[in-house]
Amino acid sequence: MKTEILRMLKSTGDYLSGQRLCEMLGVSRTAVWKAVGELKEEGYVIEAVRNRGYRLVEGADVITQAELASMLHTQWIGTRLVYFDETDSTNTRARKLAEEGAPHGTLVVADRQTAGKGRRGKSWVSPAGTGIWMSMVLRPSMSPMSASMLTLIAGLAVVRGVKESTGLEAMIKWPNDAVLNGKKICGILTEMSTEVECIRYVIPGIGINVNMDGFPEEIKATATSLKLEAGRSIKRSLVIAAVADNFEYYYDIFMKTCDMSGLRDDYNKSLVNLGREVLVLDPRGQYKGKALGIDGEGSLLVRREDGNVSAVISGEVSV
Ligand code: BTN
């Protein structure tokens, strides 16, 4: 019911009488009053004026189950939505849910992670009230070999979702970091479970720095937040909804061919490395070259100093 009340107050944008809410929801005035009280406790500012009713004062950056459900307008992401005020890691939660049979599109979001995971075994600091910590359960019918491309799609969905919801022009640093003015705003960790030749599930986990006012000394030079770049607070639920929307859009295109052929142009347009010199940190030996964009398999094409073009399949490149 809280989700419904939020939806109605948001779409009206004005006062809505208690009586009208009761009629629309088919519940008592006490039930409406109780739900409004709970929403206020969760952080919403809701004005109650005699003879006029309730009005939602927009702006609070609240994420709750009801807030997220009222903001999502996706077809299949979030049909099952699991929200935690606090959890160890949304990826770990999503994995457990997937093992228990959670359906394709299950979305897990937390306000705080106590054991957030980064790539290469690093931890991911995830304080309350400031970031987006979200993971999805996907069950694509395709070869495990193609799964790494889902990470590229997540990166694309983040930059497009951030643009739509905030106006900020984030770019992708191959393969899937999202950067603003050269500093990282988002990291993606994709985990997978496979069975012989097929995928049981894939969990793309997305962490976005949203309303941080600063970063610890050791990452200050390389990390930023949407708030620091925009100069204003950003509503996280709006960004989550836009990222989910874009992920769905790009995923559906991707699944037609199970490769990046239909998304290559969109991806390359957002690629910060495009046309720039990159240093490829190949374990067999580093080399420099010019980034030409990704190919249909998601590999980064790099023209080496000797003129040959190499396809970088995995690993790191630095700008
Ligand atoms: C990176 O190292 O760049 C990847 C960081 C990924 C962090 C996100 S936050 C949501 C999800 N849950 C986790 O434990 N990790 C990912």
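Whatever order the structure lists them in is the order used to number ligands and atoms, beginning at 1. All residue numbers refer to positions in the sequence shown, counting from 1. Only a predicted model underlies this, so the values are computations on that prediction, with no experimental measurement involved.
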Apply ring-ring contact (aromatic ring centres under 6.0 Å, His included) to Trp33 and list each qualifying residue two or more places apart in sequence or on a separate chain.
-> none
Would you call Lys40 and Glu47 a salt bridge, using N to O less than 4.0 angstrom?
-> no
Is Glu305 paired with Lys288 through a side-chain N to carboxylate O contact shorter than 4.0 Å?
-> no
Counting only non-hydrogen atoms and a 4.0 Å cut-off, the residues near ligand 1 are Ser89, Thr90, Asn91, Gln113, Gly116, Lys117, Gly118, Arg119, Trp124, Trp133, Met134, Ser135, Lys184, Gly187, Ile188, Leu189, Gly205, Ile206, Gly207
Name of the residue among Arg236, Lys227, Lys235 meeting side chain to side chain donor-acceptor pair (under 3.5 Å) with Asp61 | Arg236
Has Arg139 got its NZ or CZ under 6.0 Å from the middle of the six-membered ring of Tyr201, at an angle within 45 degrees of the ring axis?
-> no
Would you confirm whether the ring centroid of Trp133 sits within less than 6.0 angstrom of the ring centroid of Phe84?
-> no
